[in-house]
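Being a predicted model, the structure only gives us computed values, none of them experimental. Only heavy atoms go into these numbers, but all of them, side chains included; no hydrogens, no water, no symmetry mates. Throughout, residue positions are numbered sequentially from 1 according to the sequence presented.
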Amino acid sequence: MIRYRAMNSADIEAGLQLCRASRWNQVRRDWELFLRLSPQGCRVAVRDERVIGTVTTVRYPQRFSWIGMVLVDPAERGQGIGTQLLREAFAVLHAEPCLRLDATPAGYPVYRKLNFVEEYRLSRLEAAQFKPEVGKNPAQPLRAADFAEVCALDEPAFGAPRRVLLEWLWAGAPELAWIVRRGAALAGFVCGRHGFNFTHLGPLVAVDEETARQLVAACLHRHMGAPVILDVPQQQINWLQWLSAAGFREQRPLIRMWFRQQPGRASGYGALENQFAILGPEFG
């Protein structure tokens, strides 16, 4: 018998074990945030008092909600547990107008059967080495006083406000948080986090590609060590070419998808031309 219930802090260790079994990057701090953002909105599948699957939800009020961390113990796959976990998330988010997620290629057919529609594709890029650019870089560390401007730039790019997430990133890895100004105006910012396998840069929001380059260069010149990943929309062709020349290689693709639960706007959130890296498939 498999039962499904709300996730709680005592389940975090099981969530971490599922991450390690699937070679995912999340650490305890990530799981703590999922429960902080959605105390009753994360679910686990349990067999014989053992957690064998998870799903998380994040609401971006009045805009859309996010589904992430659909994990099933490898020994328990093929029984429909992942699909039922998604249905648990649907029940949690039944009043939300639009659901969104980032699918892996393996998960894509499952989401299609549940009537999710593709929005656009992303490439997860990885670099163990970074070829620095020569020249003066105007990037400077992100400070607490910058957050009003950062959020004002981020909201139209992402499509929803998420100050809590941005402040959480900054608190956990201030050395990965940078901004660039053009005169008095904020032209871009980047944040990042340290994971189990990789340092994950994102979100990276900028008014142009030059600013995005300066932000990545400033961050990696000082903090290159563990392998670094970015999740980049594939529409950013020139940006992807620059990252490739700088030493990044595609690790795997991701597919951003949406499902409309209520009449009204369903897709097209945010401004892709200003998103040079997303926060991550677990958050959007």
Side-chain angles (χ1 to χ4, degrees), residues 1-60 65-93 96 99-108 110-111 114 124 162 164-169 171-173 191-200 202 226-227 229 231 251-252 254 257 278-284:
M1 292 288 294
I2 300 173
R3 62 188 179 94
Y4 298 83
R5 60 165 172 80
M7 186 178 190
N8 59 59
S9 58
D11 299 316
I12 289 177
E13 188 59 39
L16 289 169
Q17 291 175 9
L18 291 173
C19 285
R20 302 293 81 84
S22 294
R23 302 175 65 184
W24 285 19
N25 198 42
Q26 290 76 21
V27 295
R28 177 173 293 274
R29 188 170 182 267
D30 299 298
W31 284 104
E32 291 170 347
L33 181 64
F34 295 133
L35 292 175
R36 173 185 165 195
L37 293 173
S38 190
Q40 302 301 316
C42 303
R43 293 287 187 269
V44 293
V46 180
R47 186 200 297 277
D48 298 328
E49 302 307 314
R50 184 174 69 89
V51 171
I52 59 173
T54 63
V55 65
T56 60
T57 64
V58 178
R59 288 182 174 90
Y60 295 101
S65 294
W66 204 265
I67 297 175
M69 302 306 294
V70 182
L71 277 166
V72 177
D73 185 328
E76 300 282 356
R77 291 174 186 169
Q79 304 176 63
I81 297 170
T83 299
Q84 183 56 39
L85 283 164
L86 285 168
R87 297 193 186 282
E88 293 286 318
F90 295 166
V92 168
L93 302 172
E96 302 300 313
L99 309 183
R100 302 174 78 198
L101 54 81
D102 286 339
T104 63
Y108 181 78
V110 176
Y111 300 122
L114 293 169
R124 169 159 290 183
R162 52 177 176 176
V164 169
L165 274 164
L166 297 176
E167 291 181 334
W168 172 81
L169 288 166
C191 293
R193 54 198 159 120
H194 300 294
F196 186 82
N197 303 304
F198 310 101
T199 295
H200 194 154
I229 57 172
D231 296 326
Q251 185 190 93
R252 61 184 173 93
L254 295 164
M257 308 183 77
I278 65 166
L279 199 165
E282 60 272 74
F283 294 111

Inset, instruction - Identify, with sequence neighbours excluded, every residue that meets salt bridge (Lys or Arg N to Asp or Glu O under 4.0 Å) alongside Arg77. - result: none
Inset, instruction - State, with a plain yes or no, whether a side-chain heavy atom of Arg124 is found less than 4.5 Å away from one of Pro281. - result: yes
Legend entry - side-chain contact (heavy atoms from CB on, under 4.5 Å) between Leu18 and Asp73, worked out: CA-CA 6 Å; Leu18 291 173; Asp73 185 328; 3.9 Å; yes
Inset, instruction - Kindly indicate whether the side chain of Asp11, heavy atoms from C-beta on, has any atom under 4.5 Å from the side chain of Thr54. - result: no
Legend entry - Separation of Asp48 CG from Ile2 CD1 (nearest 0.5 Å): 9.5 Å
Legend entry - Heavy-atom pair of closest approach, residues Gln26 and Cys19: OE1-SG, 3.7 Å
Inset, instruction - Measure the CD1-OG1 distance between Ile229 and Thr199 for me, rounded to the nearest 0.5 Å. - result: 8.5 Å
Legend entry - side-chain contact (heavy atoms from CB on, under 4.5 Å) evaluation trace for Trp66 with Leu93: CA-CA 9 Å; Trp66 204 265; Leu93 302 172; over 6 Å; no
Inset, instruction - Go through the structure and list residues passing salt bridge (Lys or Arg N to Asp or Glu O under 4.0 Å) with Arg3, not counting sequence neighbours. - result: Glu49
Inset, instruction - Locate the shortest heavy-atom distance separating Ala89 from Ile67; write the atom from each residue and the value. - result: CB-CD1, 4.0 Å
Inset, instruction - May I ask you to test the Tyr111-Val70 pair for a side-chain heavy-atom distance under 4.5 Å? - result: yes
Legend entry - Partners meeting side chain to side chain donor-acceptor pair (under 3.5 Å) with Thr56 (sequence neighbours left out): none
Inset, instruction - Please collect all side chain to side chain donor-acceptor pair (under 3.5 Å) contacts where either partner lies in residues 32-45, sequence neighbours excluded, each pair once. - result: Ser38-Thr57
Inset, instruction - Check Gly192 against Ala173 and note the closest heavy-atom contact, atom names and distance. - result: O-CB, 3.5 Å
Inset, instruction - Please examine the side chains of Val92 and Arg59, heavy atoms only from C-beta on, and report whether any two atoms are closer than 4.5 Å. - result: yes
Legend entry - Approximate separation, where rounding is to 0.5 Å, of Met257 CE and Asp102 CG: 10.0 Å
Legend entry - Positive for side-chain hydrogen bond (donor to acceptor under 3.5 Å, both in side chains) with His200, one of Asn25, Asp30, Asp231: Asp231
Legend entry - Non-hydrogen side-chain atoms of Arg50 and Glu76 separated by less than 4.5 Å: yes
Inset, instruction - Check whether any side-chain heavy atom of Arg162 sits under 4.5 Å from a side-chain heavy atom of Leu279, and report yes or no. - result: yes
Inset, instruction - Return the set of residues passing salt bridge (Lys or Arg N to Asp or Glu O under 4.0 Å) with Arg28 (not counting sequence neighbours), or none when no residue passes. - result: Glu13
Inset, instruction - Drop me the distance from Arg20's CZ to Asn197's CG, to the nearest 0.5 angstrom. - result: 6.0 Å
Inset, instruction - Verify whether one side chain among Arg47 and Gln79 offers a donor that lies under 3.5 Å from an acceptor in the other. - result: yes
Inset, instruction - Compare all side-chain heavy atoms of Glu282 with those of Trp24 and state whether any distance is below 4.5 angstrom. - result: no
Legend entry - Other residues, nucleotides, ligands: >12 heavy atoms within 6.0 Å of Phe90 CZ: yes
Inset, instruction - Before giving the answer on side-chain contact (heavy atoms from CB on, under 4.5 Å), spell out for Val46 and Arg5 the whole-Å C-alpha distance, their side-chain angles and the decisive distance to 0.1 Å. - result: CA-CA 8 Å; Val46 180; Arg5 60 165 172 80; 3.8 Å; yes
Legend entry - Side-chain heavy atoms of Leu33 within contact of Leu165, under 4.5 Å: yes
Legend entry - Selection residues 30-56 - residue pairs positive for ring pair (Phe, Tyr, Trp, His ring centres under 6.0 Å), sequence neighbours left out: Trp31-Phe34, Phe34-Phe283
